[in-house]
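One structure is given here, and the rest of the page talks about it.
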Amino acid sequence: QLVVAGRAEVLGSDRGAARGAIDAALRAQSGRIGARVVAASGGALAIEAVATWRDGVAADVLVAIVQDRASSRVTRGENAGRTLEHVSIVRSLNVLGGGAGAFSGRAALPRPPIDGRGHAVVFVQAGEGGAVLAVAAVPLP
């Protein structure tokens, strides 16, 4: 299952439907985000974001810390003996703040252990798990 922008649900293995849903979500975005990692030390990250979206829509600004790639060797079950490859694994999800039409702020977050490269995905989501209104990705130092 693949849920795109909190609006469309498609079978993850259906490449055409997935691309179509992603393209539609990009065209429907109503907002903009500027985000950056402003400090990283030890087990912490400070992320700054400035976002705007449709006036009056209550929304949260969230950040997902994502590991780019990983693999796992399966020892039991229907996939026993296989090595599975994974991409964009969310290691933590935190709320930076919220607002109605705009947000500007900075938050210190714990940095989850990530094996290899990673990035932060900052996104605006309408209240109660609604539509994604804007998104930005930032590489982690």
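What's counted below: heavy atoms across the whole structure, side chains too, no hydrogens, waters or symmetry copies.
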Keeping Asn79 on the side-chain end and Arg82 on the backbone end, is there a donor-acceptor pair under 3.5 Å?
no
Quick one: do Gln1 and Leu11 satisfy side-chain contact (heavy atoms from CB on, under 4.5 Å)? Show the steps, please.
CA-CA 5 Å; Gln1 178 185 28; Leu11 183 61; over 6 Å; no
Using the salt bridge (Lys or Arg N to Asp or Glu O under 4.0 Å) criterion, which residues pair with Arg91? Sequence neighbours excluded.
none
Test applied, side chain to side chain contact (heavy atoms under 4.5 Å, CB included); reference residue, Val61; option that passes from Val95, Asn94, Val124:
Val124
Going from CZ on Arg106 to CD1 on Ile47, what distance comes out if it is rounded to the nearest 0.5 angstrom?
11.0 Å
Could you tell me the separation between the CZ atom of Arg19 and the CG atom of Asp14, rounded to the nearest 0.5 Å?
11.5 Å
Within a strict 4.5 Å, meaning less than it, do heavy atoms of the Ser72 and Glu85 side chains meet?
no
For Ala18 against Val10, the heavy-atom pair lying closest together:
CA-CG2, 4.0 Å
Of all heavy-atom pairs linking Trp53 and Phe103, the shortest is CZ3-N, 3.8 Å
Any side-chain heavy atom of Arg32 within less than 4.5 Å of one from Val50?
no
Which heavy atom in Ala59 sits nearest to a heavy atom in Leu133, and how many Å separate them?
CB-CD1, 4.2 Å
So, the side chain of Gln67 versus the backbone of Gly118: is there a donor-acceptor pair under 3.5 Å, distance only?
no
Beyond-backbone contact of His119 with Asp68, side-chain heavy atoms, under 4.5 angstrom:
yes
Report whether Val63 and Val37 are members of the same hydrophobic cluster (ILVMFWY, side-chain heavy atoms less than 4.5 Å apart, transitive linking).
yes
Can you hop from Val138 to Leu140 via hydrophobic side chains spaced under 4.5 Å?
yes
Find out if a path of hydrophobic residues (ILVMFWY) with successive side-chain heavy-atom gaps under 4.5 Å connects Val4 to Val135.
no
Side chain Arg73, main chain Gly81, donor-acceptor under 3.5 Å
yes
State yes or no: do Leu62 and Val132 share one hydrophobic cluster built from I, L, V, M, F, W and Y residues joined by side-chain heavy-atom distances below 4.5 Å, directly or via other members?
yes
Which heavy atom of Val90 sits nearest to which heavy atom of Ala64, and what is that distance?
CG1-CB, 4.1 Å
Minimal heavy-atom distance between Ser71 and His86, with the atoms involved, is CA-CD2, 4.0 Å
Is Val66 reachable from Leu96 through a run of hydrophobic residues whose side-chain heavy atoms are each under 4.5 Å from the next?
no
Where Val38 and Glu48 come nearest, the two heavy atoms and their spacing
CG1-CB, 3.7 Å
